Peer 1: 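Let me give you the structure first, and then I'll get to my questions.
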Amino acid sequence: MDAVFALVDCENFYVSCERVFDPSLRDVPMVVLSNNDGCIIARSAAVKDAGVPMGAPYFQWAETLDAMGTAVRSSNYALYGDMSRRVMTELEAEALRLERYSIDEAFLTLPALAPDALRRQARRIQRRVRRRQGVPIRVGIGPTKTLAKVADERAKGHDGRYVCPTGDALAAVLRTLPVGEVWGIGPAYSSLLAEHGVTTAEGLRQCPDAWLRKHLTVVGLRVATELRGTPCLELEDAPAPRKSMIRSRSFSGRLYALGDLREAVATHAQRAAEKLRAEELVAGRLGVFVTTKKFGDPPHYSNAAGAPLRPATNQTPTLLDVAGTLLRAVYRDGPAYKKAGVRLQALRPEGTGQGHLFREDTDEDEALMAAVDRLNREMGRGTVGFAAAGVAGRRDWTMKREMRSPHYTTRWADLPEARA
DNA sequence: TCTGGGGTCCTAGGACCC
DNA sequence: TCTGGGGTCCTAGGACCC
């Protein structure tokens, strides 16, 4: 059966999640902040209308937002992750196939019905998610993923649903779409295209293949081909195995001493190792990076180093050891460090690939890790840890998250109460 | 004073091998 | 003075995404 793509996008997702559980937020402008309460990463309609851009630093807009009576929340990823799963379950019931594209977006395939029937189906999906989970969504439908994305953009002015037209009507739509708003065309490709006189999606569609291939790599060629209506990107309903994992945080203040950075890096390494074991993976490579702030006056300093792990492992002591060595290699005395992190790469499932002739993880190692994980799972994160990561409570580099909402759906103590 | 975090894919170039 | 050619693997860096 012929199928079309639909992109479903949750409107102002984090804001919408907060509003589901706190009705007093529904009629006021609202934003949700990134970690460290640094950037604005979700905005209600009123805040968007006021011209506050996505990703803007909060401190630059705090006064404006306050004057509007804006409610402000720190991000609560436990809540958003759980709400995302609920929404995806609803969408699954309405789709032929579904790909979870991000926490707040999914690609669906739908039977290739006439446009009117597709619009009705889009409306049904919107109502279902709204009624059962309280989250408003938009639905954009087209013959390729990229055109479904275009349709999703257009849906903003059309009750949150839009079916991509064909022929001249499509060309007319694409002529009004700035090329930088096309999925896959970022700032660098945008300005490169502009230098060659291409400023709209329609212009991109008409670029010669060879030129695209040369200047925008196969990525750009695929985008253009998809805009022409020929699918290049499949629906990925089986999630691809993860290839890398990053754990990092900005510090709420600045750090100078190697000892402080060592605690931060060790904490990230420890968390990454736990996550690795939870997903039954081992890492074949470990990287450590440090950086000073990105903005303001130079000098800035950032550095990174990596090393292979032989054999690939998920054992905390090994990762702490290697991370410590790499940190000494990237650390310089002097810079005001703002961020540090750990990256695990070359991930593969436990028990696959080559072992190591002289250094196998022993049963005792694995038993120890299993015991640590169980204690932390059952008694709360941080119950047992490694000394290298420092002692919770006396760390002075942990992040700021001063306005977080309760864990409504994932912690018993935070469950909302209903009163008659 | 205050600017997030976590991913993927593609390409070029070096190391290494025969 | 003369100094091959082709293949694979790995890594770093750039670009993009939400």
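First the proteins, then the strands, lettered A, B, ... as listed; each starts at 1. Computation of the quantities below employed the complete heavy-atom set of this structure, encompassing side-chain atoms and omitting hydrogens, waters and symmetry-equivalent molecules. All of these numbers come straight from a predicted model, not from anything done at the bench.
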Peer 1: Does a nitrogen or oxygen in the side chain of A:Ser250 sit under 4.0 Å from OP1 or OP2 of B:dG5?
Peer 2: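 Checking B:dG5 against A:Ser250, a side-chain N or O does come within under 4.0 Å of OP1 or OP2.
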Peer 1: Side chain of A:Ser34: nearest nucleotide among B:dT3, B:dG4, B:dG7?
Peer 2: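 Of the options given, the side chain of A:Ser34 lies nearest B:dG4.
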Peer 1: Checking all strands, does A:Arg343 fall into the base, sugar-phosphate, or nothing category for heavy-atom contacts under 4.0 angstrom?
Peer 2: nothing
Peer 1: Need one value for A:Ile185: base, sugar-phosphate or nothing, where a base atom within 4.0 Å counts as base even if backbone is also close, heavy atoms only.
Peer 2: sugar-phosphate
Peer 1: Please pick, from B:dC10, B:dT3, C:dC16, the nucleotide with the shortest atom-to-atom distance to any side-chain atom of A:Ala188.
Peer 2: C:dC16
Peer 1: Taking atom C1' of B:dG5 as reference, at what distance in whole Å does atom CD1 of A:Ile103 sit?
Peer 2: 12 Å
Peer 1: If you check every side-chain atom of A:Ile41, which of B:dT8, B:dT3, B:dG4 has the closest atom?
Peer 2: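 Of the candidates, B:dG4 comes closest.
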Peer 1: For A:Arg285 and C:dC10, is the shortest distance between a side-chain N/O and OP1 or OP2 below 4.0 Å?
Peer 2: no
Peer 1: Of all the choices, B:dG7, B:dG6, B:dC10, which nucleotide is nearest to the side chain of A:Ser248 once you look at every atom?
Peer 2: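 Of B:dG7, B:dG6, B:dC10, B:dG6 is nearest to the side chain of A:Ser248.
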Peer 1: Checking contacts here: which listed nucleotide (B:dG4, B:dG7, C:dC16) is nearest the side-chain heavy atoms of A:Pro187?
Peer 2: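 The answer is C:dC16, which lies nearest to the side chain.
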Peer 1: Under a 4.0 Å N-O cut-off, is there an ion pair linking A:Lys149 with A:Glu105?
Peer 2: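 Here A:Lys149 pairs with A:Glu105 in a salt bridge, since their nearest N and O are under 4.0 Å apart.
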Peer 1: Would you indicate, yes or no, if B:dG7 has its OP1 or OP2 atom less than 4.0 angstrom from a side-chain nitrogen or oxygen of A:Arg100?
Peer 2: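 No, no such contact exists.
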Peer 1: Let's see if you can work this out: which of C:dA15, B:dT3, B:dG5 has an atom nearest to the side-chain heavy atoms of A:Tyr189?
Peer 2: C:dA15
Peer 1: Return the nearest nucleotide to the side chain of A:Lys243; candidates are B:dC9, C:dC16, B:dG4.
Peer 2: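 Selected nucleotide (nearest to the side chain): B:dC9.
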Peer 1: Measuring to OP1 and OP2 of B:dG5, would you say a side-chain N or O of A:Arg247 lies under 4.0 angstrom away?
Peer 2: no
Peer 1: Between C1' on C:dA15 and CG on A:Leu221, what's the gap in Å once rounded to a whole number?
Peer 2: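 Going from A:Leu221 (CG) to C:dA15 (C1'), I get 16 Å.
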Peer 1: Angle between ring planes, A:Trp183 versus A:Phe107, binned at 30° and 60°: parallel, tilted or perpendicular?
Peer 2: tilted
Peer 1: So which nucleotide from C:dC18, B:dT11, B:dG6 ends up closest to the side chain of A:Ile246?
Peer 2: B:dG6
Peer 1: Quick one: pull up CG in A:Leu347 and CD in A:Glu279 and give me the separation to the nearest 0.5 Å.
Peer 2: 8.5 Å
Peer 1: Examine B:dG6: is either OP1 or OP2 under 4.0 Å from a nitrogen or oxygen in the side chain of A:Arg271? Give yes or no.
Peer 2: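 Negative; the distance criterion is not met.
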Peer 1: Does the A:Ser244 side chain pair with the main chain of A:Leu344, one donor and one acceptor, at a distance under 3.5 Å?
Peer 2: no
Peer 1: Determine: side-chain N/O of A:Lys293 to OP1/OP2 of B:dG4, distance under 4.0 Å, yes or no.
Peer 2: no
Peer 1: OP1, OP2 of B:dC9 versus side-chain N and O of A:Thr217: anything below 4.0 Å?
Peer 2: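 It does not, given that no N or O in the side chain of A:Thr217 lies less than 4.0 Å from OP1 or OP2 of B:dC9.
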Peer 1: Looking at A:Glu99 and A:Lys145, is there a salt bridge between them, counting it only when a charged N and a carboxylate O are closer than 4.0 Å?
Peer 2: yes
Peer 1: Give A:Val182 one of three labels, base, sugar-phosphate or nothing, depending on what nucleic acid heavy atoms sit under 4.0 Å from its own.
Peer 2: sugar-phosphate
Peer 1: Taking for each residue the nucleotide of DNA chain B bearing the nearest heavy atom, is the 5' side occupied by A:Tyr14 or by A:Lys275?
Peer 2: A:Tyr14
Peer 1: Round to a whole Å and report the spacing from NZ of A:Lys339 to C1' of B:dT3.
Peer 2: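 Rounding to the nearest Å, NZ of A:Lys339 and C1' of B:dT3 are 11 Å apart.
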Peer 1: Report the nucleotide, chosen from B:dT1, B:dG4, B:dG7, that has the shortest atom-to-atom distance to any side-chain atom of A:Arg254.
Peer 2: B:dT1
Peer 1: Expressed as a whole number of angstroms, how long is the span from A:Tyr77:OH to B:dG6:P?
Peer 2: 9 Å
Peer 1: Rounded to the nearest angstrom, tell me the gap between atom CG in A:Leu192 and atom P in B:dT11.
Peer 2: 15 Å
Peer 1: Assess whether a salt bridge exists between A:Glu202 and A:Arg205, defined as any Lys/Arg side-chain N lying under 4.0 Å from an Asp/Glu carboxylate O.
Peer 2: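 Here A:Glu202 pairs with A:Arg205 in a salt bridge, since their nearest N and O are under 4.0 Å apart.
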Peer 1: In this structure, how many angstroms lie between the C1' atom of B:dT8 and the CZ atom of A:Arg222, rounded?
Peer 2: 11 Å
Peer 1: Establish, from distance only, whether the side-chain atoms of A:Ser84 and A:Arg100 form a donor-acceptor pair under 3.5 Å.
Peer 2: no
Peer 1: When all nucleic acid strands are considered with a 4.0 Å heavy-atom cut-off, which category describes A:Tyr58: base, sugar-phosphate, or nothing?
Peer 2: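 Answer is nothing: A:Tyr58 stays at 4.0 Å or more from every strand.
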Peer 1: Please tell me if A:Lys338 has a side-chain N or O lying less than 4.0 Å from either OP1 or OP2 of B:dG4.
Peer 2: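 Checking B:dG4 against A:Lys338, no side-chain N or O comes under 4.0 Å of OP1 or OP2.
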Peer 1: How far, in whole Å, is C:dT3 from B:dC17 if one measures between their P atoms?
Peer 2: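 One P to the other, the span is 24 Å.
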Peer 1: Nearest to the A:Cys39 side chain among B:dT3, B:dC10, C:dC18, which nucleotide is it?
Peer 2: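 In terms of side-chain proximity for A:Cys39, the closest of B:dT3, B:dC10, C:dC18 is B:dT3.
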Peer 1: Which base sits across from B:dC18 as a Watson-Crick or G-U pair, both distances under 3.5 Å?
Peer 2: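 Answer to the pairing question: C:dG5, which forms a Watson-Crick or G-U pair with B:dC18.
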Peer 1: Rounded to the nearest Å, what distance is computed from the CZ atom of residue A:Phe13 to the C1' atom of nucleotide B:dG5?
Peer 2: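 Atom CZ in A:Phe13 sits about 17 Å away from atom C1' in B:dG5.
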